[in-house]
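For reference, the structure is listed below as structure tokens.
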Amino acid sequence: MRPSESVTARGHKGRGPASFHPGVEEEAEIILTFDDNRLASVVFGQFDQNLAHLERRLHVVATANGNRVTVKGTPEGSELARRVLESLYDQARQGVVLSPGDVDGAVQEASLQGTLFSSEEVPVPGLTSFDQIATRKRGPVRARNAAQNDYIKALKKNELVFAEGPAGTGKTWLAVGYAVSLLEQGQAERLILSRPAVEAGERLGFLPGDMRDKVDPYLRPIYDALYDFMEARHVDRGLQTGMIEIAPLAFMRGRTLTKAVVLLDEAQNTTSMQMKMFLTRLGEGSRMIITGDPTQIDLPPGQKSGLVEATKILDGVEGIGRVTFREGDVVRHDLVRRIVTAYDEATRRGEHVTTPQALPGRRA
């Protein structure tokens with residue numbers, strides 16, 4: 001059942017939400033009452049942190065009282081806030097533990113829905129809603145922006161998907177989540193994880209142990225995602241039985257990978273030869289996901305990135321999807337988005353920004 005609501009509108013000047021919108025005299029007030037007090041507290045967040053984030057994003061004032069929330073702002077902002085809160089309530093009913101990041105996703109989703117209807121029309125619940133993946137441990141995970149939505153759709157549609165973009169956009173995390181969902185649904189028998197062992201501008205020296213011990217430091221982000229989507233005991237059992245395999249890129253030559261989900265992370269650090277070798281490992285019933293950030297290439301001078309080359313050569317090939325994330329798609333901490341944006345703006349202005357290729361011993 002959806003929350004009940006009441007709506008009022010009145011004129012005002014120089015107070016409340018009008019300070020966010022100078023010159024706007026109309027203020028709308030929407031009161032939402034949720035049926036379930038417990039789910040309402042999930043929507044509002046600990047110490048109402050989700051409501052505070054909603055206020056910052058939409059320039060409204062949201063006041064919670066028990067299972068009721070009053071939203072004040074411009075008519076457009078208040079209506080958007082209503083749709084966001086209803087979306088968050090639906091997610092809470094599915095067992096999702098909401099965070100400010102989920103608020104961001106709901107804002108983008110509601111904004112997208114609003115552009116498809118005139119002011120007289122009412123959006124149909126679920127129409128144009130962002131796609132999602134689901135695993136047993138995590139439950140449903142919905143895309144938080146349009147780029148992630150395109151990414152999930154591409155993963156479901158194509159046998160091979162390239163995902164490019166800056167850190168923090170969810171490329172690897174969503175890829176692992178989708179791979180785990182295929183394993184749990186029986187659509188794949190193995191998960192194979194690979195990553196080039198290229199040091200990011202520093203020498204790590206000799207690493208002791210067997211092959212897995214040597215490769216583990218490079219694959220730690222993938223392990224973190226695995227433990228997010230699977231119970232620890234299932235991850236450990238999968239590693240022991242071979243259902244989850246850690247395969248250094250150099251050891252992939254000569255193999256044909258069937259009925260598997262194969263993930264290549266940090267692909268910008270593959271050479272042209274390595275990328276071609278990896279792509280031709282795809283066997284019957286398998287899917288490949290290749291992620292990387294072309295702005296963070298750590299290859300030695302004179303070597304071309306296999307990721308950059310492959311996306312150009314394979315552009316338009318049937319069965320291959322490609323999704324490009326931008327700095328505005330960063331979904332980690334909001335500060336990460338601002339950091340990435342600041343670096344990109346500095347680069348566009350021509351200011352000196354040290355990159356892996358500009359480090360000592362590398363070409364500028």
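Because the structure is a prediction, the values reported are computed rather than measured.
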Quick check on the hydrophobic clustering: are Leu98 and Val69 connected, directly or via other members, by side-chain heavy-atom contacts under 4.5 Å?
yes
Give a yes or no on whether Asn37 atom CG has more than 12 heavy-atom contacts from other residues, nucleotides or ligands under 6.0 Å away. yes
d(Gln148 CD, Leu174 CG) to nearest 0.5 Å is 4.5 Å
Answer yes when Asp104 and Arg144 have at least one side-chain N-carboxylate O distance shorter than 4.0 Å, and no when they do not. no
Report task. Ignoring hydrogens and angles, tell me if any N or O in the side chain of Asn269 forms a donor-acceptor pair with the backbone of Asp298 under 3.5 Å. Result -> yes
Between the CG atom in Leu88 and the CD atom in Glu109, the distance rounded to the nearest 0.5 Å is 9.5 Å
Item to check | Basic-acidic side-chain contact under 4.0 Å: Glu86, Arg83 | outcome: no
- Message: One thing to verify: whether Arg190 and Glu245 come together as a salt bridge, which I'm taking to mean a side-chain N less than 4.0 angstrom from a carboxylate O.
- Response: yes
Exercise. Could you check Thr295 against Tyr343 for side-chain contact (heavy atoms from CB on, under 4.5 Å), going step by step and ending with a plain yes or no?
Key: CA-CA 11 Å; Thr295 67; Tyr343 268 84; over 6 Å; no
Legend entry - Cluster check Val107, Leu32: I/L/V/M/F/W/Y, side chain < 4.5 angstrom: yes
Output for pair (Met252 CE, Leu249 CG), nearest 0.5 Å, gives 7.0 Å
- Query: Are Ile313 and Met288 joined in one hydrophobic group, where the rule is that I, L, V, M, F, W and Y side chains link up if heavy atoms are under 4.5 Å apart?
  - Reply: yes
### Message
Can you confirm whether more than 12 heavy atoms, excluding those of Glu284, are under 6.0 Å from its CD atom?
### Response
no
All heavy atoms of Asn158 vs all of Gly319, minimum pair found to be CB-O, 3.4 Å
Side-chain touch Asp36/Asn67, heavy atoms, less than 4.5 angstrom = no
Output for pair (Arg287 CZ, Glu159 CD), nearest 0.5 Å, gives 6.5 Å
### Message
Would a single hydrophobic cluster contain both Val176 and Val261, if residues Ile, Leu, Val, Met, Phe, Trp and Tyr are joined by side-chain heavy-atom contacts under 4.5 Å?
### Response
yes
Taking Ser286 for the side chain and Leu282 for the main chain, is one N or O donor matched with an acceptor at less than 3.5 Å? no
Hydrophobic cluster membership, Ile152 vs Leu183, 4.5 Å side-chain cutoff: yes
A side-chain contact here means heavy atoms from C-beta on lying under 4.5 Å apart; do Arg237 and Met243 qualify? no
May I ask you to decide if Tyr89's main-chain N or O and Arg93's side chain share a donor-acceptor pair within less than 3.5 Å?
no
Worksheet entry | Any side-chain heavy-atom pair of Leu193 and Leu226 under 4.5 Å | yes
**Item:** Exam field: side chain Gln268 to backbone Leu307, donor-acceptor pair closer than 3.5 Å
**Value:** no
Q: May I ask you to check whether Ser99 and Asp102 show a side-chain donor-acceptor distance below 3.5 Å?
A: yes
Only one of Leu264, Val323, Asp265, Thr169 passes side-chain contact (heavy atoms from CB on, under 4.5 Å) with Thr291, and that residue is Asp265
- Counting distance only, does the side-chain N/O of Asp329 pair as donor-acceptor with the main-chain N or O of Arg326 below 3.5 Å? yes
Check your understanding: Got Glu55 and Val61 here, is their nearest side-chain heavy-atom distance under 4.5 Å?
Key -> yes
Say whether, by atom type as modelled, one donor and one acceptor occur between the side chain of Lys171 and the main chain of Pro166 under 3.5 angstrom. yes
Say whether, by atom type as modelled, one donor and one acceptor occur between the side chain of Gln303 and the main chain of Pro300 under 3.5 angstrom. no
Original post:
Is any side-chain heavy atom of Asp131 less than 4.5 Å from a side-chain heavy atom of Lys156?
Top reply: yes
How are the rings of Phe44 and Phe34 set to each other: parallel, tilted or perpendicular (split at 30° and 60°)? perpendicular
Enclosure of Arg255 CZ (heavy-atom neighbours >12, cutoff 6.0 Å) = yes
Heavy atoms of Gly73 and Ser78 approach each other most closely as N-OG, 3.2 Å
Rounding to 0.5 Å, atoms CG (Leu54) and CG (Asn50) come to a distance of 9.0 Å
Shortest non-hydrogen pair, Phe325 vs Ala163, comes out as CE1-CB, 4.3 Å
Decide side-chain contact (heavy atoms from CB on, under 4.5 Å) for Ile290 and Met275; before the verdict, give the C-alpha distance in whole Å, the side-chain angles of both, and the deciding distance to 0.1 Å.
CA-CA 10 Å; Ile290 299 173; Met275 178 60 75; 4.1 Å; yes
Full working for ring-ring contact (aromatic ring centres under 6.0 Å, His included) between Tyr151 and Tyr178: CA-CA 11 Å; Tyr151 186 30; Tyr178 179 67; 8.8 Å; no
Rounding to 0.5 Å, atoms CD1 (Ile30) and CG (Leu85) come to a distance of 9.0 Å
Please check: side-chain N/O of Thr135 versus main-chain N/O of Ser181, any donor-acceptor pairing under 3.5 Å? no
>> Looking at Lys259, I want to see if its NZ is surrounded by more than 12 non-hydrogen atoms of other residues, nucleotides or ligands under 6.0 Å.
In response: no
Check: Can you find a heavy atom in the side chain of Met230 that is under 4.5 Å from one in the side chain of Lys137?
Finding: no
